[in-house]
Enquirer: 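Handing you a structure now.
Reminder, nothing fancy here: chain letters follow the sequence lines and each chain counts from 1.
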Number of protein chains: 2
Amino acid sequence: MTSSRRPTVNEVAERAGVSIASVSRVLNGKGARAETERLVREAAAALGYIPDATGRSLKLGRGLQVAFAVDDVANPVYTEMMRGVEDGLRDAGQQRSGAADGPRLVVASVGHELEDLIALISSLSRGFADGLVISPLRTSPALVTALLEAPVPVVVVGNPGDKVPIDTVRTDSGRGVKLAFGHLADGGRQRIAFVNGPSETAPGRARLHGFESAAEGPQGGLAGAVVEASAFTVEAGEEAWARLAALPARRRPDAVVAANDLLAFGVLRAAVSAGRQVPRDLAVVGIDDTEYARIYNPSLTSVSLGAVRRGTLAAGLLLDRMQQPSRAPRTRRVNPRLVIRESSAPRSVRR
Amino acid sequence: MTSSRRPTVNEVAERAGVSIASVSRVLNGKGARAETERLVREAAAALGYIPDATGRSLKLGRGLQVAFAVDDVANPVYTEMMRGVEDGLRDAGQQRSGAADGPRLVVASVGHELEDLIALISSLSRGFADGLVISPLRTSPALVTALLEAPVPVVVVGNPGDKVPIDTVRTDSGRGVKLAFGHLADGGRQRIAFVNGPSETAPGRARLHGFESAAEGPQGGLAGAVVEASAFTVEAGEEAWARLAALPARRRPDAVVAANDLLAFGVLRAAVSAGRQVPRDLAVVGIDDTEYARIYNPSLTSVSLGAVRRGTLAAGLLLDRMQQPSRAPRTRRVNPRLVIRESSAPRSVRR
DNA sequence: TTGTAGGCGTTATCAT
DNA sequence: ATGATAACGCCTACAA
């Protein structure tokens, strides 16, 4: 099945009757006599020659792969972000280098363990990836250290900690939570609960602050219970709903803001299974505006954090830094945007 | 930000006061005097030395990465399959080589174009990946050729064509369709439509055959319209429902088998939006038993094709072939399994 | 314009 | 047991 061996520049050169230097030049568009060019291209085609990426990167000191490390490939928000990174790589790569296309994107799915991510970053070496985009849930001094000493440029989507001199793409998810809260309050909801993910994560902390600050605002009296789910997953959302449902009747919420769409789906699934009517008995708002938000029944009101856009911006920052490793770190921002759907229809309105 | 430069064996050797050969030996566990070993390890640790993957693969003629090429990263079935591949790589890698862990998995998201996939396969080179798992929707003689001449071992999840001598992991998705059809017929449904994906794809063809053969069976009189969606996506499912709804009343289905879960969600979304009650007015069964099938409202009955298991099996086949490139091609099979949920509750039963 | 030669970081052979 | 040295495939001064 596998052909015996890959042809090398040497064999192409021999067959074309030229030197390996000419082969390399022709194949890299460095200019050569028309006749030489023809000879080389013919020989390469005949042999099915494909440059060995290893040899090339070894010589060049860089390859053409960019990695995207994700905590949870099953979360659609990351696949959307990934699409954004891909787009950004392709477009910018084309625009910048005029080359056929930008670097190839590989996705490294690291586990949920922070250590795994740190190991990935510091093991990052030429030949695996020449740039990295990460969107870590958790952070720690060790991670920051690894980031700063990373062997290749790294762009963080999220907040790695204040004043860390590194390129980042950020969004104010706390403000997103306030948007959701205000929307539910405007819709006549009386007791609005917040289902957060783990508060020791960066997004968990930011979103909790958002809820707390909403609770201090003019409509703050409507703020209900805060429940911390064990993860940003559907299962954890179901479990969180069980805890809300166990509350004494007068504290039981008529609306829930969930810290992401997966948690929201969990709450919806569990609440509907328990016989709640959504949005009549219970309104639900998620965060991320995942593809499934539109599809769910009822469709889910959600706060878009611009996952695709954030991916694209991250790719741009990364390419810039790969070109100029010493430039000053930059931060790009994306604004949250509320997308209203069925799951949060105002209490007063009959469907 | 990026530290000046990565340390190399030379620097470790110099600092340890030994030769680079000793460094290499120690770090690869080839045995050395205890004192030498200590010296090398200390120097390596002090310098934060990490072997350069590029240099290593260049010398070794192979790296330690496996790629997984997917048509549509947004389809949860592929993220599940990917999890299976990861597991298989890790477990088997550990078991076989006794090494810390198996090869690293990278995901190459190729576009929907067959050409892109072919380009990926033939451009596959050392330094990018040393093995590949693909699950292509479409196939063609050109793809088969590329597969057979691929520079690295390839395992196909799916059916690349009959008698193609290549390792494959298969499942009889046609039988899955028959399972779904039979289930709906048993539940008292009178007119069962089939929403297929593009019939020029391998799964589209197999699933259509499954439906046709069900239509010839004992309950075949219940077989209704066949609609071919433009893709295996939610949007295409919504559009397909529109076409079913436009049918004259007596041909309108009271049940739908969809060729995958995304199509099923599209049908559900569109039907529910149009005021249909599921499962009272309309029963729906999907294929793939995606994570969202359990979560949807109503939860979706679906035929599991064992995505995770298929991924694991593919990883095993790949590792075997990487070890023995010339062994005979093998095929592993996974059986479809019906998972019954709310969306297909029998007509007669009141909820 | 073309060819020769050196070296990127690693491992493995062959002396010592 | 250890060290010097030669590759692996590629690109690119430098020389011709």
Side-chain angles (χ1 to χ4, degrees), chain A residues 3-41 43-44 47-65 97 99 123-128 130 151-152, chain B residues 4-41 43-44 47-65 99 123-128 130 151-152:
Chain A
S3 53
S4 54
R5 217 176 42 76
R6 307 169 56 78
T8 74
V9 270
N10 282 293
E11 296 163 56
V12 177
E14 190 178 0
R15 177 165 180 132
V18 300
S19 77
I20 60 168
S22 291
V23 173
S24 176
R25 273 189 289 257
V26 168
L27 266 31
N28 291 292
K30 291 285 202 286
R33 208 175 48 193
E35 173 65 2
T36 307
E37 168 135 10
R38 190 182 61 78
L39 251 30
V40 170
R41 294 213 181 279
L47 262 37
Y49 172 74
I50 294 156
D52 183 308
T54 308
R56 170 181 280 153
S57 6
L58 186 54
K59 178 59 187 177
L60 262 39
R62 70 197 152 69
L64 16 68
Q65 269 185 62
S97 60
S123 82
L124 224 44
S125 65
R126 228 172 16 159
F128 169 47
D130 311 285
V152 302
Chain B
S4 51
R5 215 176 43 75
R6 305 170 56 79
T8 74
V9 269
N10 281 293
E11 296 161 56
V12 176
E14 190 177 1
R15 177 163 179 135
V18 300
S19 75
I20 61 168
S22 290
V23 173
S24 177
R25 272 190 290 258
V26 168
L27 266 31
N28 290 291
K30 292 283 201 288
R33 208 176 49 191
E35 173 66 3
T36 308
E37 169 137 10
R38 190 182 61 77
L39 251 27
V40 170
R41 294 215 181 278
L47 262 36
Y49 171 74
I50 295 158
D52 183 307
T54 309
R56 169 180 284 154
S57 355
L58 183 55
K59 178 60 185 173
L60 260 38
R62 71 198 150 69
L64 17 66
Q65 271 185 61
S123 82
L124 226 44
S125 65
R126 224 173 21 157
F128 169 49
D130 309 287
V152 303

Enquirer: For residues Leu39(A) and Glu35(A), determine if any side-chain heavy atom of one lies less than 4.5 Å from a side-chain heavy atom of the other.
Expert: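 Of all side-chain heavy-atom pairs linking Glu35(A) with Leu39(A), at least one is under 4.5 Å.
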Enquirer: Find the distance between OG (Ser24(A)) and CZ (Arg56(A)) and round it off to the nearest 0.5 Å.
Expert: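 Answer rounded to 0.5 Å: 8.0 Å.
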Enquirer: Can you tell me how far the CD1 atom of Ile20(B) sits from the OG1 atom of Thr8(B), to the nearest 0.5 Å?
Expert: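 Answer rounded to 0.5 Å: 8.5 Å.
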Enquirer: What integer distance in Å separates Leu27(B):CG from dA12(C):C1'?
Expert: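 Atom CG in Leu27(B) sits about 15 Å away from atom C1' in dA12(C).
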Enquirer: Let me know the distance between CG of Leu58(A) and P of dT10(C), rounded to the nearest Å.
Expert: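 Atom CG in Leu58(A) sits about 9 Å away from atom P in dT10(C).
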Enquirer: Could you state the NZ-C1' distance from Lys30(B) to dT13(C), rounded to the nearest angstrom?
Expert: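 Answer to the nearest Å: 13 Å.
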Enquirer: Return the value, rounded to whole Å, for the distance between atom CZ of Arg33(A) and atom P of dT2(C).
Expert: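 Going from Arg33(A) (CZ) to dT2(C) (P), I get 5 Å.
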Enquirer: Which protein N or O atoms sit under 3.5 Å from an N or O of nucleotides 4-6 of chain C?
Expert:
| unit_1 | atom_1 | unit_2 | atom_2 | d |
| --- | --- | --- | --- | --- |
| dG6(C) | N2 | Lys59(A) | NZ | 3.3 |

Enquirer: CD of Glu11(A) versus C1' of dC8(D): gap in Å, rounded?
Expert: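 About 13 Å, once rounded to whole Å.
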Enquirer: Using whole Å, report how far OH of Tyr49(A) lies from C1' of dG9(D).
Expert: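 Atom OH in Tyr49(A) sits about 7 Å away from atom C1' in dG9(D).
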Enquirer: Checking Asn10(A) now: which residues fulfil side chain to side chain donor-acceptor pair (under 3.5 Å) with it, not counting sequence neighbours?
Expert: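 Asn10(A): no side chain to side chain donor-acceptor pair (under 3.5 Å) contacts found.
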Enquirer: Would you say Asn28(B)'s side chain and Lys30(B)'s backbone share a donor-acceptor pair under 3.5 angstrom?
Expert: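 Judged by distance alone, no pair lies under 3.5 Å.
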Enquirer: Ignoring backbone atoms, test whether Arg56(B) places a side-chain nitrogen or oxygen under 4.0 Å from the OP1 or OP2 oxygen of dT11(C).
Expert: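 For dT11(C), OP1 or OP2 has a side-chain N or O of Arg56(B) closer than 4.0 Å.
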Enquirer: When rounded to the nearest 0.5 angstrom, what is the spacing between CD in Glu14(A) and CD in Glu11(A)?
Expert: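 Nearest 0.5 Å value for the CD-CD distance: 7.5 Å.
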Enquirer: Can you tell me if Ser24(B) touches the phosphate of dT11(C), counting only side-chain N or O atoms and a distance under 4.0 Å to OP1 or OP2?
Expert: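 It does, given that an N or O in the side chain of Ser24(B) lies less than 4.0 Å from OP1 or OP2 of dT11(C).
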Enquirer: Round to a whole Å and report the spacing from CG of Asn10(A) to C1' of dC11(D).
Expert: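 It works out to 13 Å between those atoms.
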Enquirer: Using only side-chain N and O atoms of Thr36(B), determine if any of them is under 4.0 Å from OP1 or OP2 of dT2(D).
Expert: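 So the side-chain polar atoms of Thr36(B) do come within 4.0 Å of the phosphate oxygens OP1 or OP2 of dT2(D), strictly under.
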Enquirer: Measure from CG on Leu39(A) to C1' on dG3(C) and round the result to the nearest Å.
Expert: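 Spelled out: CG on Leu39(A) to C1' on dG3(C) is 15 Å.
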Enquirer: Looking across every strand, which nucleic acid part, if any, lies under 4.0 Å from Asn28(B) by heavy atom: base, sugar-phosphate, or nothing?
Expert: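 If one applies the 4.0 Å heavy-atom cut-off, Asn28(B) turns out to touch the sugar-phosphate alone, with no base involved.
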Enquirer: List the residues meeting salt bridge (charged side-chain N to carboxylate O under 4.0 Å, His left out) with Arg41(A), not counting sequence neighbours, and say none if there are none.
Expert: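 If we apply the salt bridge (charged side-chain N to carboxylate O under 4.0 Å, His left out) test to Arg41(A), skipping adjacent residues, the hits are Glu37(A).
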